[in-house]
Every structure is written in C-alpha cells, then in structure tokens.
Visitor: 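Can you keep this structure in mind? I'll have questions shortly.
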Amino acid sequence: CPAAGDCGPALVSAHDAGWRILWVEGPLQLDGPVTLGGPDAPVLLVVNGDVTLRGPLALTGMLFARGHMAWTHTAGGTSRITGMLVVQGDLTTTGRMDIVYQQAVADQLRNRIGSYVRVSGGLRDGTVD
C-alpha cells in the first residue's frame with residue numbers, strides 16, 4: 001500500500017492474484033467504491049494500525065484493526081462487511097453501513113485459510129527417548 005492515500009487498488013489486486021490473508025503494516029485508508037472478497041473467496045485483512053474507510057465498501061471476510069477505526073459512508077451505494085469485524089481501539093461511524101455476521105464466511109476462513117490439526121508424533125514434549 002502507498003505510504004499515504006487509498007490502499008484499495010493494491011488490496012483488490014492482491015486478492016485477485018489469489019491472496020486470502022492480507023497484512024497491512026501501518027495505517028490503512030480505503031476510499032470506495034471497493035469490493036474485496038466474496039462468498040467463495042473471503043479475505044482476512046489484518047491492519048497493524050488505524051483504519052479509515054470512506055465511501056461504498058463491500059468486504060466479505062474478516063477485518064481486524066489493531067488500532068482505531070473510522071468508517072464514513074454518507075453517499076449512495078452500499079457499505080457492508082459480511083463476516084466479522086474486530087477493532088482493538090475505538091470505532092467511530094458516520095452514515096449508513098452494515099456489519100452482517102455469517103457463519104458460512106467464518107467457516108470458509110477457518111477451513112480454507114488456517115485450520116490446524118495435531119499430527120500424531122509431530123509434537124514433542126521435551127523428553128528424550
């Protein structure tokens with residue numbers, strides 16, 4: 001993402017190239033319209049900093065903001081997160097937007113992106129045989 005300004009095109013390009021886990025170091029700004037993720041290809045977006053969302057946004061997946069988040073949508077169009085939103089700091093909103101939790105999206109993220117299973121014999125407890 002650029003040091004300052006809209007990161008939407010870079011994130012959409014990464015998702016279109018097959019990336020499903022996206023990490024943004026530092027603040028993130030998205031100026032809509034932006035569509036990121038979909039029912040069959042949800043995205044896990046982790047931002048290590050503050051998040052600013054402006055304008056129409058359609059995100060399917062999970063957005064995790066490790067800082068504060070400001071979400072503004074005062075124009076036409078839809079602004080919606082379908083999946084999950086976690087904000088460690090303060091969340092401020094202006095205008096109309098929706099956060100719609102869907103278990104199917106959570107299942108897609110868990111099963112396609114990162115499920116961990118203990119493999120027999122694959123974990124040692126520190127004892128020497």
Side-chain angles (χ1 to χ4, degrees):
C1 290
D6 184 17
C7 188
L11 292 177
V12 170
S13 178
H15 185 267
D16 290 349
W19 293 90
R20 298 298 177 257
I21 300 175
L22 303 172
W23 178 282
V24 176
E25 190 63 42
L28 169 70
Q29 177 182 326
L30 292 178
D31 297 325
V34 174
T35 299
L36 190 58
D40 295 327
V43 65
L44 171 60
L45 176 57
V46 179
V47 181
N48 192 27
D50 295 338
V51 175
T52 302
L53 305 177
R54 293 188 286 231
L57 166 77
L59 185 141
T60 301
M62 180 177 184
L63 170 58
F64 182 81
R66 298 195 67 208
H68 303 294
M69 184 169 141
W71 191 359
T72 304
H73 178 68
T74 56
T78 300
S79 203
R80 172 183 292 192
I81 294 176
T82 303
M84 295 140 293
L85 172 66
V86 177
V87 180
Q88 279 188 317
D90 295 328
L91 170 64
T92 57
T93 60
T94 304
R96 183 175 175 174
M97 64 277 301
D98 296 312
I99 302 169
V100 180
Y101 174 77
Q102 285 191 353
Q103 183 64 46
V105 171
D107 291 343
Q108 285 277 350
L109 288 172
R110 184 182 73 235
N111 293 330
R112 285 189 166 185
I113 292 180
S115 233
Y116 300 96
V117 177
R118 179 182 279 183
V119 176
S120 180
L123 183 65
R124 299 283 181 171
D125 64 2
T127 60
V128 178
D129 297 332

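In what follows, residues are counted from 1 in the order of the sequence shown.
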Visitor: Taking C-beta and beyond as the side chain, do Leu45 and Leu28 meet within less than 4.5 Å on heavy atoms?
Guide: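 Contact flag for Leu45/Leu28 side chains = yes.
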Visitor: Please name all residues satisfying side-chain contact (heavy atoms from CB on, under 4.5 Å) with Gln103, sequence neighbours left out, ordered by chain then number.
Guide: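 side-chain contact (heavy atoms from CB on, under 4.5 Å) list for Gln103, sorted by chain: Tyr101, Ala106, Asp107, Arg110.
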Visitor: For residues Ser79 and Gly55, report the shortest heavy-atom separation together with the two atoms involved.
Guide: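 Shortest heavy-atom separation between Ser79 and Gly55 comes out as OG-O, 3.4 Å.
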Visitor: Taking only residues two or more places apart in sequence, or in another chain, which ones meet Ala14 in a side-chain contact (heavy atoms from CB on, under 4.5 Å)?
Guide: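 By the side-chain contact (heavy atoms from CB on, under 4.5 Å) rule, Ala14 matches Trp19, Leu22.
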Visitor: Mark yes or no for whether His15, through its side chain, and Ala41, through its backbone, hold a donor-acceptor pair below 3.5 Å.
Guide: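 The answer is yes, because a donor-acceptor pair under 3.5 Å joins these two groups.
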Visitor: With rounding to the nearest 0.5 Å, note down the distance linking OG1 in Thr52 to CG in Leu30.
Guide: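 Separation between the atoms: 9.0 Å.
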Visitor: What donor-acceptor contacts under 3.5 angstrom involve side-chain atoms of residues 82-99, with partners at least two apart or in another chain?
Guide:
none

Visitor: Would the distance check show the side chain of Asp50 and the main-chain N or O of His68 forming a donor-acceptor pair, the cut-off being under 3.5 Å?
Guide: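 Yes; at least one donor-acceptor contact below 3.5 Å.
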Visitor: I need the full list of salt bridge (charged side-chain N to carboxylate O under 4.0 Å, His left out) pairs touching residues 54-70, with sequence neighbours left out, sorted by first then second residue.
Guide: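 Of all non-adjacent pairs touching residues 54-70, those that pass salt bridge (charged side-chain N to carboxylate O under 4.0 Å, His left out) are Asp31-Arg54.
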Visitor: Nearest heavy-atom pair of Leu36 and Val43: which atoms, and what distance?
Guide: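 Looking at all heavy atoms of both residues, the shortest contact is CG-CG1, 3.9 Å.
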Visitor: Only pairs under 3.5 Å count here: list side-chain donor-acceptor contacts from residues 58-65, not counting sequence neighbours, and write none if there are none.
Guide:
none

Visitor: State which residues pass side-chain contact (heavy atoms from CB on, under 4.5 Å) with Ala104; sequence neighbours excluded, sorted by chain then number.
Guide: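 None.
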Visitor: Write out all pairs satisfying salt bridge (charged side-chain N to carboxylate O under 4.0 Å, His left out) with one or both partners inside residues 40-49, taking only residues at least two apart or from two chains.
Guide: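 Of all non-adjacent pairs touching residues 40-49, none passes salt bridge (charged side-chain N to carboxylate O under 4.0 Å, His left out).
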Visitor: Quick one: list whatever passes salt bridge (charged side-chain N to carboxylate O under 4.0 Å, His left out) with Asp16, sequence neighbours left out.
Guide: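 Scan of Asp16 (salt bridge (charged side-chain N to carboxylate O under 4.0 Å, His left out), adjacent residues dropped) gives none.
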Visitor: When you compare the side chain of Val100 with that of Arg80, does any pair of heavy atoms fall below 4.5 Å?
Guide: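 In short, these two side chains touch, coming nearer than 4.5 Å.
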Visitor: Within the structure provided, determine whether Arg20 and Pro42 are in side-chain contact (heavy-atom separation under 4.5 Å).
Guide: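 Heavy-atom side-chain distance check fails, nothing below 4.5 Å.
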